[in-house]
Trainee: 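I am attaching a structure below and will ask some questions about it afterwards.
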Amino acid sequence: ATSKFTETEMELHDGDLFLLYTDGLYGVGEADDRLGPARVAKQLRHAPGNAQSVLQDFLRQPVPTPSNVVPPDDIAALAVRRLEGEN
């Protein structure tokens, strides 16, 4: 009830990719090992393939957590890639 959202328009060019995700993607553990926005952007900057394959490859990577600790949050993500030649 107290959440606030901002709407932002984006223009996607051929091959552009964006990823929407929840904070569960960050995992738990030491701050240096967490998968924060900078690391996510670096990994996706030149990711090959369509949105589905990029998302599947990305989510297969282990989320850094201390051993025997179940991540405290769910992970939700949506990837969108504009195909070349799409109008």
Side-chain angles (χ1 to χ4, degrees):
T2 61
S3 296
K4 294 183 181 182
F5 299 94
T6 302
E7 184 175 319
T8 303
E9 287 189 30
M10 295 174 41
E11 183 175 338
L12 297 179
H13 300 280
D14 289 354
D16 282 354
L17 171 76
F18 73 87
L19 177 71
L20 301 172
Y21 57 91
T22 62
D23 62 347
L25 188 63
Y26 296 152
V28 296
E30 300 299 321
D32 293 342
D33 293 331
R34 289 187 182 170
L35 186 61
R39 285 184 60 194
V40 170
K42 183 178 179 182
Q43 290 180 358
L44 294 178
R45 188 158 283 121
H46 301 289
N50 62 30
Q52 180 178 350
S53 66
V54 168
L55 187 58
Q56 287 173 338
D57 290 345
F58 189 78
L59 293 177
R60 279 192 199 109
Q61 299 176 38
V63 175
T65 60
S67 60
N68 300 324
V69 173
V70 175
D73 204 350
D74 63 317
I75 297 173
L78 170 73
V80 175
R81 169 159 272 159
R82 179 168 177 169
L83 301 176
E84 294 185 29
E86 292 278 317
N87 290 328

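Quick note: residue numbers are just sequence positions, from 1.
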Trainee: Excluding sequence neighbours, so at least two apart, what forms side chain to side chain donor-acceptor pair (under 3.5 Å) with Asp16?
Mentor: none
Trainee: Taking only residues two or more places apart in sequence or in another chain, which ones pass side-chain contact (heavy atoms from CB on, under 4.5 Å) with Gln52?
Mentor: Asn50, Gln56
Trainee: Look at the side-chain heavy atoms of Ile, Leu, Val, Met, Phe, Trp and Tyr, link any pair under 4.5 Å apart, and say whether Leu20 and Val40 land in one connected group.
Mentor: no
Trainee: List for me each residue that meets side-chain contact (heavy atoms from CB on, under 4.5 Å) alongside Ala79, sequence neighbours excluded, and say none if there are none.
Mentor: Leu17, Leu19, Ala51, Leu55
Trainee: Testing the basics here: between Arg82 and His13, what is the closest heavy-atom pair and its distance to 0.1 Å?
Mentor: CB-O, 3.6 Å
Trainee: If you round to the nearest 0.5 Å, how far is CZ of Phe18 from CG of Leu44?
Mentor: 12.0 Å
